[in-house]
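Here's the structure, in structure tokens; my notes come after.
Side-chain atoms are counted along with the backbone in the values below, which use heavy atoms only and exclude waters and symmetry mates.
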Amino acid sequence: MISKLAEEDVTRWIKRGVWVYFLLLIFEGALRKWFLPSLATPLLLVRDPLALWLLFQTWRQGLLPSNFYLTSIILTGIIGVFTAVLFAHGNLLIAFYGARVFLLHLPLIFVIGRIFDQTDVLMVGKVLLWMALPMAVLIAIQFYSPQSAWVNRGVGGDMEGAGFGGALGYFRPPGTFSFTNGNTLFFSLVACFIIYFWFEPKYVNRLVLIGATIGLIAAIPLSISRGLFFQVGVSLLFSLVACFQKTRHLSRLLWLMAGGLVVVLILANTEFFQVATKVFSVRFESANEVEGGMKGVLGERYLGGMISAVAGASDFPIFGYGLGISTNVGINLMPNNAGAFLSDQEWERVIIELGTLMGLAVLVLRFSLSTRITFASYRSLSKGNMLPWVLMSFGSLSLLQGQWAQPTSLGFCSFVGGLAVASLRNPRYK
């Protein structure tokens, strides 16, 4: 009896650790920019020791699942360190920094999936709803403030600002994150929960849900992010698939879209939204022209990038240029060679670091893991559990193409993957 109580107490502490990981993921950038700028560099790794502790405690309790994916991920990190040091860049520090992706953060998918259940996932969703509107207000202030303003300071208190290229003299705001992609990832995850709670409103306060929905709609043009725009569209498509499983969901989806249209029409009469929409439209059109229109965006940037990476895998060394070489640490420690190892395409970056054999193996692993959780979510959807399916509207793409070299993107990939797995664990659905 005492042993069982002790085990439950440890599990409770592991859950609290996951919550701390989540909060650090959201507010780590705020610490590095505004509150502890002198500690910006060590704070880049603030989630690493926590991830290690979570893995150790879960393993110690015998709760860390033993499966092909977890074993493959860990082996990739270990082998990658040896190949990087012996056959590639030869820098142990860079290799260890790159290996933390596989040894610390990606395994958290299975920790969160085992420690959390659907009740915990719903609580995360409720917290995100409370955060959504204040975050939208923050990025609105950043959008309209000069880059020299305190709210726009960069990492380490950089007075040049944390905004990134936008349009018409306006910059993409980062919110509480170190870089603008964090803002896109945050609202992409928020969108999943907003859609779910509109289908299942009994789990959440209706006023909070309305406020979060308004925040999401405002955030799309304010973020000047095509990625967020497309991701919300993907989540809506996933919810449309859910409607075919339960026809009652179709009426709720129509009400959601009608309500969203009303919010857009109301906001369209405000000057702040009109300016943001104009900036977003100009950015959207100019970027599409550069990439060859919508066909080029979808065909080349996404599918084309994956296909070209696989087709060109033989152009790189068999062991690659070394784990971690394309990360910020690799760029800073090897500045003379950094430019040769950068790529905007995640699949190509993986092959650049790990080489032909192991790089392609990791890509297959990513595709397999994303597909397996997505199919499991669909099967759960057919039994009445919609939550994992909606989460995988974001999680499937994150697992497949998320930028693992970027700490915030890596954190969101691990977290949403874990939430999707955990949401499958619901006593009401066998």
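Contact check for Trp53 versus Trp13: side-chain heavy atoms found under the 4.5 Å cut-off. A heavy-atom distance below 4.5 Å is found between the side chains of Phe110 and Ile73. Side chains of Ile266 and Val262 form a contact here, defined as non-hydrogen atoms less than 4.5 Å apart. Side chains of Glu353 and Thr327 form a contact here, defined as non-hydrogen atoms less than 4.5 Å apart. Considering only heavy atoms from C-beta on, Arg100 stays 4.5 Å or farther from Phe96 through its side chain. Annotation: side chain of Leu222 is not in contact with side chain of Phe273 (no heavy-atom distance under 4.5 Å). Counting heavy atoms from C-beta on, the side chains of Val46 and Leu31 never come closer than 4.5 Å.
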Test side chain to side chain contact (heavy atoms under 4.5 Å, CB included) applied to Met135 and Phe177, step by step: CA-CA 11 Å; Met135 186 73 79; Phe177 301 93; 4.0 Å; yes
Criterion side chain to side chain contact (heavy atoms under 4.5 Å, CB included) on Leu106 and Leu410, from CA distance to verdict: CA-CA 8 Å; Leu106 291 179; Leu410 172 64; 3.9 Å; yes
Full working for ring-ring contact (aromatic ring centres under 6.0 Å, His included) between Phe229 and Phe284: CA-CA 10 Å; Phe229 176 80; Phe284 194 96; 5.6 Å; yes
From CA spacing to verdict: side chain to side chain contact (heavy atoms under 4.5 Å, CB included), Phe244, Leu381: CA-CA 10 Å; Phe244 292 111; Leu381 172 65; over 6 Å; no
Step-by-step side chain to side chain donor-acceptor pair (under 3.5 Å) determination, Trp198 to Thr213: CA-CA 10 Å; Trp198 275 115; Thr213 305; 2.9 Å; yes
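With Ser326 contributing its side chain and Arg349 its backbone, the two residues share no donor-acceptor pair below 3.5 Å. Gln142 contributes a side-chain N or O that, together with a main-chain N or O of Gly175, makes up a donor-acceptor pair within less than 3.5 Å. The backbone N or O of Ser423 sits less than 3.5 Å from a side-chain atom of Gln118, completing a donor-acceptor pair. Checked by atom type and distance alone, the side chain of Ser393 pairs as donor or acceptor with a backbone atom of Val390 at under 3.5 Å. Without hydrogens or angle criteria, Thr76 side chain to Ser72 main chain gives a donor-acceptor distance under 3.5 Å. Judged purely by atom type and a 3.5 angstrom limit, Thr180 has no side-chain atom pairing as donor or acceptor with the backbone of Arg172. At distances below 3.5 Å, at least one donor-acceptor pair connects side-chain atoms of Asn332 with backbone N or O atoms of Asn328. At distances below 3.5 Å, at least one donor-acceptor pair connects side-chain atoms of Gln274 with backbone N or O atoms of Ala268. Of the possible donor and acceptor atoms, none in the side chain of Trp59 sits under 3.5 Å from a partner among the backbone N and O of Leu54.
With salt bridges taken as basic N to acidic carboxylate O contacts below 4.0 Å, none links Asp117 and Arg425. Ionic pairing of Asp158 and Arg153 is not present here: no N-O contact between side-chain nitrogen and carboxylate oxygen is shorter than 4.0 angstrom. Arg366 and Glu346 are joined by a salt bridge, as a carboxylate oxygen and a charged side-chain nitrogen come within less than 4.0 angstrom of each other.
Judged purely by distance below 3.5 Å, without hydrogens or angles, the side chains of Ser396 and Ser370 never pair a donor atom with an acceptor atom. In the model, Gln406 has a side-chain atom that pairs as donor or acceptor with a side-chain atom of Asn181 under 3.5 Å. Side-chain N/O atoms of Ser239 and Trp389 include no donor and acceptor closer than 3.5 Å.
Between Tyr69 and the choices Ile373, Ile74, Leu369, the side-chain contact (heavy atoms from CB on, under 4.5 Å) rule is met once, by Leu369. Applying the side-chain contact (heavy atoms from CB on, under 4.5 Å) test between Leu387 and each of Phe193, Phe199, Tyr203 identifies Phe193 as the sole match. Of the candidates Ile220, Leu128, Ile139, Phe187 forms a side-chain contact (heavy atoms from CB on, under 4.5 Å) with just one, namely Ile139.
Under the 30°/60° scheme for interplanar angles, the aromatic rings of Tyr21 and His105 are found to be tilted.
Aromatic ring centroids of Phe415 and Phe22 lie under 6.0 Å apart.
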